[in-house]
Asker: 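Below you will find the structure I want to go over with you.
The basis for the numbers below is simple: all heavy atoms, side chains too, and nothing from hydrogens, waters or symmetry mates.
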Protein chains: 2
Amino acid sequence: MSNSKLYKGSLTTIILKLLNENDKMYGYEITQRVKELTKGELKITEGALYPALHKLEAEGLLDVEVAKVDNRLRKYYKLTESGTKETVNKLEELAEYIKTMQALVNPKLA
Amino acid sequence: MSNSKLYKGSLTTIILKLLNENDKMYGYEITQRVKELTKGELKITEGALYPALHKLEAEGLLDVEVAKVDNRLRKYYKLTESGTKETVNKLEELAEYIKTMQALVNPKLA
DNA sequence: TCCTTATGTATAAGAATCTTAGGTATCAAA
DNA sequence: TTTGATACCTAAGATTCTTATACATAAGGA
């Protein structure tokens, strides 16, 4: 995902936020979008992405819809109602995390 | 450490930064300082802290010095030379992480 | 006096998240 | 025809954390 360990635990937040902006997306599309938005800084590996998507689906935060495009399978994911709520929570947690870490590494600004 | 999973992977950065500011600190002191600096938001558990300190020591980033205060054991940790270098790296990675995450969750500002 | 809280360190079992490495399949381009 | 892009998937292992437990001293209240 990056040589930095800080991203550990961030994947769910990233997925939910992208789906919050894009209505529906499929797995491969998510990996490409992340690479693009972060200018290559962050690459989501499949081994992390697919289990994460399946877990979010199992938790009822995502709905899935299978499609066939160019004779190839695609699984479109979209937020459920509780998925939308959870997205808000996750974004608040991210903002809080950043604030807390800045208090720790830059206490002069706190 | 917090109900938020985002902190996973951040502990090393926190320890190194605190030792970079404070010359030497002992484990329990680190937990208290973090609680104080984050106004209770972040509580470092012992089960996470001590293994992390031992690992940093094993990697040569920290030196240890045992002391006895009020008949109780204390282990003071301080940065080695390579620990100081690694602190710079970790802080750069944190800044990069924050920048990347903001590009993802707030693309309008990017 | 006894019990709790604070101080101080430590480890071990298990959960959660990720990496690494594989597997399957279609399509376009070299 | 082989490579690269597209598209999905899983399993073994590494890493980091939580939870629970253990040991020990000191101070304070019931």
Asker: Could you tell me whether a side-chain N or O of A:Ser82 sits under 3.5 Å from a main-chain N or O of A:Gly60, the two making a donor and an acceptor?
Answerer: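 Yes.
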
Asker: Any side-chain N or O of B:Lys68 less than 4.0 Å from the OP1 or OP2 oxygen of D:dT25?
Answerer: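 So the side-chain polar atoms of B:Lys68 never come under 4.0 Å of the phosphate oxygens OP1 or OP2 of D:dT25.
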
Asker: For A:Tyr77 and D:dA7, give me the distance from atom OH to atom P, rounded to whole Å.
Answerer: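 Interatomic distance, OH of A:Tyr77 to P of D:dA7: 14 Å.
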
Asker: Given D:dC9, is OP1 or OP2 found less than 4.0 Å from the side-chain N or O atoms of A:Tyr50?
Answerer: no

Asker: Within this structure, what is the CE-CG distance for the pair A:Met25 and A:Asn22, rounded to the nearest 0.5 Å?
Answerer: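 Between atom CE of A:Met25 and atom CG of A:Asn22 there are 4.5 Å.
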
Asker: Using a heavy-atom distance cut-off of less than 4.0 Å, which residues of residues 2-11 of chain B contact DNA chain C?
Answerer: B:Lys5

Asker: Walk me through it: do A:Tyr77 and A:Tyr26 pass the test ring-ring contact (aromatic ring centres under 6.0 Å, His included)?
Answerer: CA-CA 6 Å; A:Tyr77 290 93; A:Tyr26 55 100; 9.7 Å; no

Asker: Report the distance from atom CZ of B:Arg74 to atom P of C:dT7, rounded to the nearest whole Å.
Answerer: 10 Å

Asker: Using whole Å, what does the distance between atom P of nucleotide D:dC8 and atom CD1 of A:Ile44 come to?
Answerer: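 Roughly 14 Å, once rounded to whole Å.
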
Asker: Would you mind classifying the nucleic acid contact of B:Lys43 as base, sugar-phosphate or nothing, using non-hydrogen atoms under 4.0 angstrom?
Answerer: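 Here B:Lys43 touches no strand at all.
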
Asker: Is there a side-chain contact between B:Met1 and B:Ile44 (heavy atoms, below 4.5 Å)?
Answerer: yes

Asker: Between C:dG8 atom C1' and B:Glu65 atom CD, what is the distance in whole Å?
Answerer: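 From B:Glu65 CD to C:dG8 C1': 16 Å.
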
Asker: Side chains of B:Ser2 and A:Tyr97 only: does a donor on one sit below 3.5 Å from an acceptor on the other?
Answerer: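 Judged by distance alone, the side chains do not pair up.
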
Asker: Rounded to the nearest angstrom, tell me the gap between atom OH in B:Tyr26 and atom C1' in C:dA6.
Answerer: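 Rounding to the nearest Å, OH of B:Tyr26 and C1' of C:dA6 are 11 Å apart.
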
Asker: Would one find a side-chain N or O of B:Tyr28 under 4.0 angstrom from OP1 or OP2 of C:dT9?
Answerer: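 False: B:Tyr28 side-chain N/O out of range (4.0 Å or more) of C:dT9 OP1/OP2.
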
Asker: Separation of A:Lys55 atom NZ from D:dT10 atom P, in whole Å?
Answerer: 15 Å

Asker: Here's a test of your reading of the structure: between B:Leu73 and A:Ala52, which maps to the more 5' nucleotide of DNA chain C?
Answerer: B:Leu73

Asker: Strictly by modelled atom types, are A:Glu41 and A:Tyr7 linked by a side-chain donor-acceptor pair under 3.5 Å?
Answerer: yes

Asker: Using whole Å, report how far NZ of B:Lys75 lies from P of D:dA24.
Answerer: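 Checked: the NZ to P distance equals 16 Å.
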
Asker: Work out which heavy atom in B:Val69 is nearest to a heavy atom in B:Arg74; give both atom names and the distance.
Answerer: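 B:Val69 and B:Arg74 have their closest heavy atoms at CG2-NH1, 3.8 Å.
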
Asker: Considering all heavy atoms of both residues, which atom of B:Leu11 and which atom of B:Ala48 are nearest to each other, and what is their separation?
Answerer: CD2-O, 3.6 Å

Asker: In sequence, state the C-alpha distance, the side-chain angles, and the governing distance for A:Leu104 and A:Met101, and then conclude on side chain to side chain contact (heavy atoms under 4.5 Å, CB included).
Answerer: CA-CA 5 Å; A:Leu104 286 171; A:Met101 287 302 286; 4.2 Å; yes

Asker: Taking all non-hydrogen atoms of both residues, which atom of B:Gly83 and which atom of B:Leu16 are closest, and how far apart?
Answerer: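 Shortest heavy-atom contact: O-CD2, 4.5 Å.
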
Asker: Does A:His54 have a side-chain nitrogen or oxygen under 4.0 Å from the phosphate oxygens OP1 or OP2 of D:dC8?
Answerer: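 No, because none of the side-chain N or O atoms of A:His54 sits under 4.0 Å from OP1 or OP2 of D:dC8.
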
Asker: Using a cut-off of 4.0 Å between protein heavy atoms and nucleotide atoms, how would you tag nucleotides 21-30 of chain C 5' to 3' with B, S and -?
Answerer: -B---BS---

Asker: Identify which nucleotide among D:dC8, C:dT19, C:dT17 has an atom closest to any side-chain atom of A:Met1, counting heavy atoms from C-beta outward.
Answerer: C:dT19

Asker: Tell me: CD of A:Glu36 to P of D:dA5, nearest whole Å?
Answerer: 16 Å

